[in-house]
Amino acid sequence: MRAHSVPDRSYLLLGGALAFTLAAPLLAPNEPDAFSLSLRLQGLSLEYPLGTDHLGRCVLSRLLYGFHVTPVAAFAIVAVAASIGSVLGLLSGYVGGVIDQALMRVVEGVFIFPAVAVALTISAVLGLGMGAIIVSLGAVHWAEYARVVRNLTVTEKTRTYVLAAEALGASPNWVAFRHILPNVMHAILVLIPFSMSWAILSFSGLSYLGLGAEPGSSEWGLMIAEGRVYMRDHAVLVLAPGLMILSVVIFLNTLGDRLRDRFA
Amino acid sequence: MSALVRRLGLSLVLLAGITVASFALLRVMPGDFAEILLTQQMDGEMPTAEALDRFKLEHGFEDPLPLQYLRWLGGAATGQLGTSFHSEDPVIEELVLRIPNTVLLAVSSIVTSLLIAFPLGIGAALRPGSLFDRAAMMIAVVGMATPNFWLALLGMLLFSLTLGWLPVSGFGTFAHLVLPSLVIGTSLAGVTARLVRSSLLEVLSADYIRTAHAKGLKRIRVALGHALPNALVPIVTLIGLQLGKMFDNVVVVEAVFGWPGIGRLFVEAILGRDFPVIQGCILVIGVAYIVINLTVDVAIRWIDPRVREAL
């Protein structure tokens, strides 16, 4: 029972992006962590296409290895958020009644709360660090998933296939996860690119402040923070990672718009 | 009216939730709060086990949690939020000093974003599909995808370090306010411009607009005088949402520009695990959030009589 399927060109875009993300470190001309103080702050050259940073590390290689830091962290954040939100949304929509009422009030509140502030507080309690910030950002971003899944579940549960499953004696859990969830999956997928954008911007911003990725990581926000001091004479240290974030986020938003147009 | 009363009730529940969460913060934080307090009072000397027990008994740490909460709430209501672990200043003093600075930045950022978004959105809606429309929407897409902290650095690099027009960072004069407001303003303007365009386009296809055109009114007069007021409701809702979430932007931008507001205080407190200060900031953010959302509700009822009557 799949009413919708992702259009072919979006598949292509997504596949290409995934392949590039996976392969990015293979394209790196140098070791990303190999440092040499005698080669610090070099300009652009054949050996170091984007020059070197304050520790003499190859900027381009670090950017490419960064594909396995920032987007991966963002994906983990979104996975946490989507799982929490989908389960709560299914529960709310399928069970209904008081639980539904209460959960939707909570969603309204969470949806408009300054999420990063709450995430920072949670991660301070958990003891900071990359793992803590990923869990916290995920834990404050679930509301949109819950709302969308809940609204669809309310209509799906009146469909004949659900009634049939119930008549056959399927347990509520089975109906919710095996029958309804696959049929609301398309709505979850549409949200993911926009969530990824938000997660990338938030995570790199916190890394910039020293609250996300740990020192030494080739996280893009952290690279910008490290390059800031030398920005005046070596603008590429700040420009390149920023353009990286910008293009990935624009790509994700465009993909999200396409998916939404297709399904809406 | 009853809907407004219901919202007020909901806000009170929210406020209770926020205070419980703030109170809980000092109980779930890593380390024993009582021990940290006593160590602080003894100028960094580690207290003995007996001294700690006595201190806990005297200051009510052994009382039931609801009682402790009520006592804390009474203190918080009168401004007693404890002292910072680091500066050892009262938290309330820090907050009072910094709140106006953040409010100033937030308001000027929203105004900046509207000054950018309305011309772009209206222009785009008047000639959909035109070059201006496509350019404006392109700007909006890029604006939405640009990391705030990066835009801030680019602004510094161009306007402060290269051209020397504006100060790099700090606080005090109007010039200090320009870059931070521009950074937050542009990041918010993208979404707003898109919404101005789409809601204006929707209203422009209504019958009464055709009537206005048929009467021979000027295009611009119809768009601004007749269509825009009816397109405002979703836009005001969005502005409210942006104000409610403003803290997320402020946290980063204040830190980048060294703006002495709540956001920077909060980041410093998180980095230094200064839990009394974190608690104070969370309380301020929570109360601001409730006030903002109530105000937006009232504003929408005031703008749109249909909402007023429907509820």
Side-chain angles (χ1 to χ4, degrees), chain A residues 70 105-106 108-128 133 140 194 197-198 200-211 220-221 223-225 227-228 231-233 235 237-239 241-254 257, chain B residues 10 13-14 17-18 21-22 24-25 28-30 141-142 144-154 156-157 160-162 187 240-253 255-256 262-263 266-267 269-275 278-279 281-282 285-286 288-290 292-293 296:
Chain A
T70 319
R105 288 297 87 72
V106 173
E108 268 176 38
V110 172
F111 191 57
I112 49 180
F113 209 82
V116 174
V118 180
L120 276 180
T121 310
I122 298 175
S123 80
V125 170
L126 293 178
L128 296 178
I133 206 77
V140 293
F194 295 118
S197 302
W198 173 83
I200 285 178
L201 289 175
S202 303
F203 182 72
S204 60
L206 293 179
S207 295
Y208 174 86
L209 295 179
L211 292 161
W220 295 329
M223 287 178 69
I224 295 175
R228 181 188 47 192
M231 162 171 90
R232 190 172 187 158
D233 300 310
L237 293 181
V238 165
L239 282 178
L243 283 175
M244 219 67 189
I245 300 174
L246 180 66
S247 22
V248 170
V249 171
I250 288 182
F251 170 80
L252 285 166
N253 286 348
T254 315
D257 277 340
Chain B
L10 213 64
V13 175
L14 257 172
I18 289 166
S22 303
L25 195 61
V28 297
M29 71 172 203
V141 166
V142 174
M144 274 162 27
T146 309
N148 266 341
F149 60 101
W150 185 63
L151 189 64
L153 290 179
L154 292 190
M156 270 185 203
L157 189 59
S160 311
L161 297 177
T162 311
S187 74
L241 201 72
Q242 288 177 335
L243 267 174
K245 281 185 171 284
M246 177 59 83
F247 198 77
D248 285 352
N249 294 304
V250 158
V251 159
V252 174
V253 171
V256 177
I262 295 284
F266 186 64
V267 169
I270 296 271
L271 278 167
R273 319 267 177 104
D274 196 343
F275 280 86
I278 300 177
Q279 185 188 53
C281 290
I282 284 287
I285 300 165
Y289 156 87
I290 289 173
I292 290 166
N293 282 296
V296 171

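Bear in mind the structure is a predicted one, so any value in this text is a computation, not a measurement. Letters A, B, ... are given to chains in the order of the sequence lines, protein chains preceding strands, and every chain is numbered from 1.
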Below 4.5 Å from any heavy atom of chain B, which atoms of [X] appear? Answer side chain, backbone, both or neither.
| X | value |
| --- | --- |
| A/L239 | both |
| A/A115 | both |
| A/L243 | both |

*For A/S197, what residues pass the side chain to side chain donor-acceptor pair (under 3.5 Å) criterion, not counting sequence neighbours?*
A/N253
Of all the heavy-atom pairs spanning [X] and [Y], show the shortest one and how long it is.
| X | Y | result |
| --- | --- | --- |
| A/A124 | B/F275 | O-CZ, 3.8 Å |
| A/V249 | B/A145 | CG1-CB, 3.4 Å |
| B/F247 | A/A117 | CD2-CB, 3.6 Å |
| B/P147 | A/I245 | CG-CG2, 3.5 Å |
| B/G244 | A/P114 | O-CD, 3.4 Å |

What is the distance from atom [atom1] of [X] to atom [atom2] of [Y], rounded to the nearest 0.5 Å?
| X | Y | atom1 | atom2 | answer |
| --- | --- | --- | --- | --- |
| A/R228 | B/M156 | CZ | CE | 8.0 Å |
| A/F113 | B/I290 | CZ | CD1 | 7.5 Å |
| A/I224 | B/F149 | CD1 | CZ | 4.0 Å |

*So which of B/L241, B/L153, B/I278 has the largest heavy-atom pair count under 4.5 angstrom toward chain A?*
B/L153
*What option among B/I285, B/L14, B/L271 has the most heavy-atom pairs under 4.5 Å with chain A?*
B/L271
Could you tell me which portion of [X] (side chain, backbone, both or neither) has an atom closer than 4.5 angstrom to a non-hydrogen atom of chain A?
| X | result |
| --- | --- |
| B/V142 | both |
| B/N249 | neither |
| B/L154 | side chain |
| B/I270 | both |
| B/L151 | neither |

*What residue, out of A/G242, A/G205, A/A225, has the most heavy-atom pairs lying under 4.5 Å from chain B?*
A/G242
*Contact leader toward chain B among A/L252, A/L209, A/V248, A/L126, where contacts are heavy-atom pairs under 4.5 Å*: A/L209
_Counterpart residues, salt bridge (charged side-chain N to carboxylate O under 4.0 Å, His left out), relative to A/R232 (two or more places apart)_ = none
*Compare all side-chain heavy atoms of A/T121 with those of B/L25 and state whether any distance is below 4.5 angstrom.*
yes
